[in-house]
Each structure stands twice: as C-alpha cells, then as structure tokens.
Peer 1: 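Pasting a structure below so you can have a look.
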Amino acid sequence: MYLLVMGLAGSGKTTLTGAFAKWMRENGHKVRVVNLDPGAEHLPYNPDFDIRSIVTVEKLMKEHGLGPNGAMLKASEVIVENAKEILKHEAFKPFDATVIIDTPGQLEIFMLRHEGYKFTSLLKRRAPTVGVFLVDGSMVYNIADLVTSWMLGLLVQVKLDIPTIPVFSKSDLIKDRSLVEKVVEDPLSLTEDIEKSLSGVTAELAIEMARLLAEYRQSLRPVLVSAITGEGFEELFSVVHEAFCSCGDLS
Ligand code: GDP
Ligand code: MG
C-alpha cells in the first residue's frame, strides 16, 4: 500500500515519516520510504527513492531566478510530467511493503493543487492509497484552532479522494491536552464551549464543523502522535490498517 504523509509546512511530516518507518521495521513490517519533497534539506531517514535525484527547488531557483514558491510550483510540474517514470522505481513497488511517502513541505503548493491530485490518482491506480493528515498539536491554542485544522484534513480527503486519517502530531508539545483529548473523543462535547468562545454565525459554523467531524470520526478516528516519544504509533498503525482494509475493499 501507499501511505501519503501530508500536513501544513512544519507539521512534522518528515520527522514522523522517519520515526514511523523505523518503528514499523522494528515491529517486523516491511517498509520503503520515499522523499517527494524537492525542497528538503536534511532528512532524518535514508530514502529508498529521493525526488531530489530528479528535481530540487534550490536548482530551479538558481536556474530560473525564481523564489522558493515559484520554484516549488515548477518542481510540482516536473514531478507530474515525470510521474510515470518515477513510479517505475523499485521503491514504489507497493505489494510487498508499505511505501511511506513524505510529501512536499508546503501542502498548498503540491498536494492541494491539481498536480497533487494527478500524482495521487496514479498511486491509487496501482495500489490502495491511504493518507495521514498531520495537525501540529503544538499550534492548537483554542477550539477554533482545533476544529479548523482538523477540518482541513477532511478537505484534503475530498480533494484527493483517499481515506485520510487525522493525526495530531507533536503530542509531547500539546498545550491543552485535555481540550485536544476531549475533542478527539467527542467533537460535539464542545458545543457549549464553542458558543461561549465564538460569536453568532461563526459559532454556528464551528458547531456545524464539529458535527461533521463527529460524523466522520466514526470511520477514521484521529490519533495523537509524537515522533519524539513514539506515543500513538501502535494506534496509528492500527488505524492505517483499518483504512487500508476499507480502501482495499473498494478497489
Ligand atoms: P514538515 O515540514 O511537516 O516535514 O515538518 P518537520 O518534520 O520538518 O518538523 C518541523 C519541526 O517540528 C522540526 O523542528 C521537528 O524537529 C519538529 N517536530 C516534528 N515532530 C515532532 C514531535 O513529535 N515532537 C516535537 N517536540 N517536535 C517535533
Ligand atoms: Mg518535510
């Protein structure tokens, strides 16, 4: 299967990719790791395939006089133009291993654009593909942060049409752990708090979002994970497996 690790810049994709791959190997599972970020500088893992062997943001910036975002846009095009060749690489063989794919730093410049959709479509054609969407737990200060960042994971799921597991990353840094745990267990438990902390129509909107989260929590439950302490890896593994079984049935 393919496991696409997604999330906003700095949410912990690369760190989790390395730590989770190591954990899976230590627990007897076969894993291959792909770096799909042409802007990556240092990787905490040894990739089986590295997109930087084909394109790097740094080189595009120099050659075309582009800024980092322009170069990443261009790199996204290069990735998709070469996708069929890239997918022929041994690392992408999906049937004897879980292929964990670390996606480009900035979600909005690849995964949320048509290029990300095209690449994901090619993966899906070959094997069941599951996403994890990282929400940076250390950036959750209040209810609005929680609801909106988790919601972004649902948007990604719709956009890419793959089961996408919400993951609260950096659980070792979460400030208000009881708030996060409460919402993760039961998003609607916060209806009263939302009414108190947000105003009028905005509160109504947030409650509607919480209702959606509660509904879809039934099929893919969120997981709190720390790449530093290893908290939540076992739980993440089992949710990935459940998602794999459900998308395996569909394909
Ligand atoms: P990416 O841009 O999503 O790939 O994010 P990175 O994996 O590069 O992580 C961004 C920063 O968060 C780095 O400084 C990491 O060391 C830090 N980080 C990532 N995961 C964790 C975690 O679980 N706990 C803590 N404390 N820091 C983390
Ligand atoms: Mg990264």
Side-chain angles (χ1 to χ4, degrees), residues 2-24 26 31-61 68-69 71-73 75-76 79 91 99-113 115-116 119-120 130-141 145-146 148-150 152-153 155-156 160 164-177 180-181 184 222-237 239-240:
Y2 295 116
L3 187 63
L4 270 171
V5 182
M6 297 175 283
L8 297 177
S11 58
K13 300 178 288 296
T14 300
T15 313
L16 183 68
T17 298
F20 192 54
K22 182 166 175 270
W23 181 90
M24 280 185 70
E26 283 167 1
V31 182
R32 278 191 290 274
V33 183
V34 167
N35 170 43
L36 203 61
D37 184 0
E41 285 180 14
H42 305 289
L43 296 176
Y45 53 82
N46 249 336
D48 296 280
F49 176 79
D50 191 339
I51 196 66
R52 294 174 302 176
S53 62
I54 297 191
V55 60
T56 69
V57 165
E58 200 186 353
K59 199 156 169 240
L60 290 176
M61 283 171 70
N69 289 341
M72 185 59 222
L73 282 174
S76 303
I79 295 172
V99 184
I100 306 182
I101 305 177
D102 181 15
T103 62
Q106 302 88 335
L107 181 81
E108 73 277 24
I109 315 187
F110 184 66
M111 294 314 295
L112 282 187
R113 289 173 61 89
E115 284 83 6
F119 193 84
T120 309
V130 171
V132 295
F133 184 80
L134 268 57
V135 170
D136 185 337
S138 70
M139 288 289 111
V140 174
Y141 286 86
D145 288 341
L146 236 173
T148 51
S149 49
W150 184 354
L152 195 50
L155 301 182
V156 168
L160 299 177
T164 302
I165 301 159
V167 168
F168 290 92
S169 63
K170 310 188 193 178
S171 67
D172 56 296
L173 297 179
I174 289 177
K175 287 167 194 74
D176 190 345
R177 204 174 163 105
V180 177
E181 279 172 350
V184 159
V223 190
L224 266 69
V225 159
S226 167
I228 304 295
T229 67
E231 185 199 356
F233 280 11
E234 216 168 306
E235 173 84 351
L236 178 61
F237 181 78
V239 182
V240 167

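Indexing begins at 1, ligand by ligand and atom by atom, following the structure's order. All heavy atoms count here, side chains included; hydrogens, waters and symmetry mates do not.
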Peer 1: Donor-acceptor pair, Thr56 side chain versus Arg52 backbone, under 3.5 Å?
Peer 2: no

Peer 1: Among protein heavy atoms, which lies nearest atom 10 (C) of ligand 1, and at what distance?
Peer 2: Gly10 O, 3.6 Å

Peer 1: Using atom types as modelled and distance alone, determine if a side-chain donor or acceptor of Asp48 lies under 3.5 Å from a backbone N or O of Val33.
Peer 2: yes

Peer 1: Who pairs with Asp136 by side-chain hydrogen bond (donor to acceptor under 3.5 Å, both in side chains), at least two apart in sequence or on another chain?
Peer 2: Ser138, Lys170

Peer 1: Give, for atom CZ of Arg32 and atom CG of Leu3, the distance between the pair rounded to the nearest 0.5 Å.
Peer 2: 13.5 Å

Peer 1: What orientation do Phe233 and Trp23 show, parallel under 30°, tilted 30 to 60°, or perpendicular over 60°?
Peer 2: perpendicular

Peer 1: Considering heavy atoms of the protein only, find what lies nearest to atom 24 (N) of ligand 1 and give residue, atom and distance to 0.1 Å.
Peer 2: Asp172 OD1, 2.8 Å

Peer 1: May I have the step-by-step check of side chain to side chain contact (heavy atoms under 4.5 Å, CB included) for Leu43 and Thr14, ending in yes or no?
Peer 2: CA-CA 7 Å; Leu43 296 176; Thr14 300; 3.9 Å; yes

Peer 1: Run Tyr45 and Lys22 through side chain to side chain contact (heavy atoms under 4.5 Å, CB included) and show every step you take.
Peer 2: CA-CA 9 Å; Tyr45 53 82; Lys22 182 166 175 270; over 6 Å; no

Peer 1: With atoms numbered from 1 as shown, which atoms in ligand 1 lie under 4.0 angstrom from a non-hydrogen atom of Ser226?
Peer 2: 23 (O)

Peer 1: May I ask which of Lys13, Glu41, Lys170, Gln106 has a heavy atom nearer to atom 28 (C) of ligand 1 than the others do?
Peer 2: Lys170

Peer 1: Is it the side chain, the backbone, both or neither of Thr15 that has a heavy atom closer than 4.0 Å to ligand 1?
Peer 2: both

Peer 1: Using modelled atom types only, decide if a donor and an acceptor are shared between the side chain of Thr103 and the backbone of Leu4 within a distance under 3.5 Å.
Peer 2: no

Peer 1: Does the Ser169 side chain pair with the main chain of Ser11, one donor and one acceptor, at a distance under 3.5 Å?
Peer 2: yes

Peer 1: Would a 4.0 Å cut-off, counted as strictly less than, catch a protein heavy atom around atom 14 (O) of ligand 1?
Peer 2: no

Peer 1: Is it the case that ligand 1 has an N or O less than 3.5 angstrom from some N or O of Ser171?
Peer 2: no

Peer 1: Which of the numbered atoms in ligand 1 are below 4.0 angstrom from a heavy atom of Ile228?
Peer 2: 22 (C), 23 (O), 24 (N), 25 (C), 26 (N)

Peer 1: Hey, which atoms in ligand 1 end up nearer than 4.0 Å to a heavy atom of Leu173?
Peer 2: 25 (C), 26 (N)

Peer 1: Measuring from Leu152:CG to Leu112:CG, what's the distance to the nearest 0.5 Å?
Peer 2: 6.5 Å

Peer 1: If you take the nearest heavy atom of each of Gly232, Ala227, Gly12, which one is closest to atom 23 (O) of ligand 1?
Peer 2: Ala227

Peer 1: Please state whether Gly7 comes within less than 4.0 angstrom of ligand 1, counting heavy atoms only.
Peer 2: no

Peer 1: For the side chain of Lys175 and the backbone of Tyr141, is there at least one donor-acceptor N/O pair under 3.5 Å apart?
Peer 2: no

Peer 1: Among all the protein's heavy atoms, is there at least one whose distance to atom 21 (C) of ligand 1 comes out below 4.0 Å?
Peer 2: yes

Peer 1: How long is the straight-line distance from CG of Leu73 back to CD1 of Ile109, given to the nearest 0.5 Å?
Peer 2: 5.5 Å

Peer 1: Excluding waters, how many protein N/O/S atoms sit closer than 2.8 Å to the Mg ion (ligand 2)?
Peer 2: 1

Peer 1: For Ser11, is at least one N or O under 3.5 Å away from an N or O on ligand 1?
Peer 2: yes

